[in-house]
Amino acid sequence: MRPAGMELWQARRRRVRALHGSGGASAATLLAWLAMPLPALAQDNVVATATLPRDLSPWGMYLNADPVVKAVLIGLAFASIVTWTVWLAKTIEIVLAKRRVRAASNKLAGVRSTLENVEQLAEIQGEVAQFLDAAATELKLSHRLTDNEGIKERIASRLERIEASYGRRILRGTGVLATIGATAPFVGLFGTVWGIMNSFIGISKSHTTNLAVVAPGIAEALLATAFGLAAAIPAVVIYNVFARSIAGYRAGLGDAAAEVLRLVSRDLERAAAVPTSSARRATPLSVAE
C-alpha cells in the first residue's frame, strides 16, 4: 500500500478505536464507516487540512488574488478614477463655456450696428469675440473690394473654422470615457477567466470539488467582473451626458456665428446705400479690429 493509503488506513483505525472505546457507536455505523472508500476519506482529509481564507471582503479577496487578477483590479480602479476626474473637469469646462457663449449671444442680439453699439461689442469676450475679430479682419482685408457676397462668404468661412476649432477643443478628454466604457467589461472578464482557471487548477491539485475549497477563488475571479462593470457603466453614462451638453454648446456657437454674419451683412448693405465718401469714413466692425 502506498504511503498516502497507509496514512488513511491508520487514521481509520484510530477513529475505529476511538468510537469503540466510547461505546456510543452501533455496529451498523462502524460497518458503514469501514465500507467508505479511501478516496472519500482522502477528500475529507484534504478539506479538513486545507487552509481556507476566511476574509471574503473585497479587500481580503484582493490580497489573496492571483497577481494577474490583482493587476486587472488595479487597472480598473485607475480607470474608474480617470472617469470621475474627467467628469469633474469637463463638467466645469462645459458649464462655464455654455454660460459664456449664452451671455455673449444675448449682448450680440441687441446690437443693430457696429458703429452705433461700440461699447456693447467691446464687452463681449470669449468665442464670440473671436468671431467678431475674424469678421473685422476680413473686412479690413477686403476694404477696396465691392463684391459684398464674396466678402460674406469669406467671413462665413472664417467663422466656420473658428467654430470647428472650439468644437474640437471642447471634445478633448471625452474619448477616454468612450475607451473605458468599451474596454473595461472585457478587461474585467479577462480577470474573471484567469481567476476561474486558477480555481480549476487548484481543484485538480487538491483532488476535491468541495465548495468551501473552490468558493474563495471563484469569488476573487468574479470580483474582477464587478470592477469592470463599476468602471464601464459610469463612463458610458457620463460620455452620453457630455455628448448632449457639447451638442448644445456647439449649437450656441453656431447661433452666435450666424448672428455675427447677419450683423456684417447688415453693415455692408448700409455701407452700400450711402455715398462712397461716407462709406470710406465709416468702415464696418472697425471697433473689433
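For reference, positions follow the sequence shown, starting with 1.
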Treating [X] as the side-chain partner and [Y] as the backbone partner, does any N or O pair qualify as donor plus acceptor under 3.5 Å?
{"X": "S265", "Y": "L261", "value": "no"}
{"X": "S80", "Y": "A231", "value": "no"}
{"X": "T85", "Y": "I81", "value": "yes"}
{"X": "T174", "Y": "L171", "value": "yes"}

In Å, rounded to the nearest 0.5 Å, how long is the span from [atom1] of [X] to [atom2] of [Y]?
{"X": "L88", "Y": "T83", "atom1": "CG", "atom2": "OG1", "result": "13.0 Å"}
{"X": "F227", "Y": "I74", "atom1": "CZ", "atom2": "CD1", "result": "10.0 Å"}
{"X": "R154", "Y": "L139", "atom1": "CZ", "atom2": "CG", "result": "9.5 Å"}
{"X": "I170", "Y": "S165", "atom1": "CD1", "atom2": "OG", "result": "11.5 Å"}
{"X": "F131", "Y": "L159", "atom1": "CZ", "atom2": "CG", "result": "6.0 Å"}

State which residue, out of R100, R99, K98, fulfils the salt bridge (Lys or Arg N to Asp or Glu O under 4.0 Å) condition with E127.
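Testing each of R100, R99, K98 against E127, the sole residue satisfying salt bridge (Lys or Arg N to Asp or Glu O under 4.0 Å) is R100.
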_Are L223 and E220 packed together at the side-chain level, in the sense that at least one heavy-atom pair is separated by less than 4.5 angstrom?_
no
Would you say [Y] ends up clustered with [X] if hydrophobic residues are merged whenever their side chains have heavy atoms under 4.5 Å apart, either directly or through other cluster members?
{"X": "F190", "Y": "F186", "value": "no"}
{"X": "I233", "Y": "V187", "value": "no"}
{"X": "L189", "Y": "L73", "value": "no"}

Using side-chain contact (heavy atoms from CB on, under 4.5 Å), reason through R158 and T137 one step at a time and then give a plain yes or no.
CA-CA 10 Å; R158 286 176 177 266; T137 300; 4.1 Å; yes
[X] to [Y] - nearest heavy-atom pair and separation:
{"X": "A224", "Y": "V72", "result": "CB-CG1, 4.4 Å"}
{"X": "A184", "Y": "A232", "result": "CB-CB, 3.8 Å"}
{"X": "A235", "Y": "L177", "result": "CB-O, 3.6 Å"}
{"X": "V260", "Y": "A135", "result": "CG1-CB, 4.1 Å"}
{"X": "V128", "Y": "A256", "result": "CG2-CB, 3.7 Å"}

Residue pairs passing the salt bridge (Lys or Arg N to Asp or Glu O under 4.0 Å) test with at least one member in residues 250-264, sequence neighbours excluded, are E259-R262
- request: Kindly assign one of parallel, tilted or perpendicular to the pair W87 and W84, based on the angle between their ring planes and the thresholds 30° and 60°.
  value: perpendicular
Review item, side-chain donor-acceptor pairs of residues 238-247, under 3.5 Å, at least two apart:
unit_1, atom_1, unit_2, atom_2, d
N240, ND2, V236, O, 3.2
S245, OG, V241, O, 3.1

Contacts of V82 meeting side-chain contact (heavy atoms from CB on, under 4.5 Å) (sequence neighbours excluded), chain-then-number -> F78, V86, V176, I180
*asked:* side-chain contact (heavy atoms from CB on, under 4.5 Å) for L132 and L108? Distances and angles first, verdict last.
replied: CA-CA 10 Å; L132 293 171; L108 192 62; 4.3 Å; yes
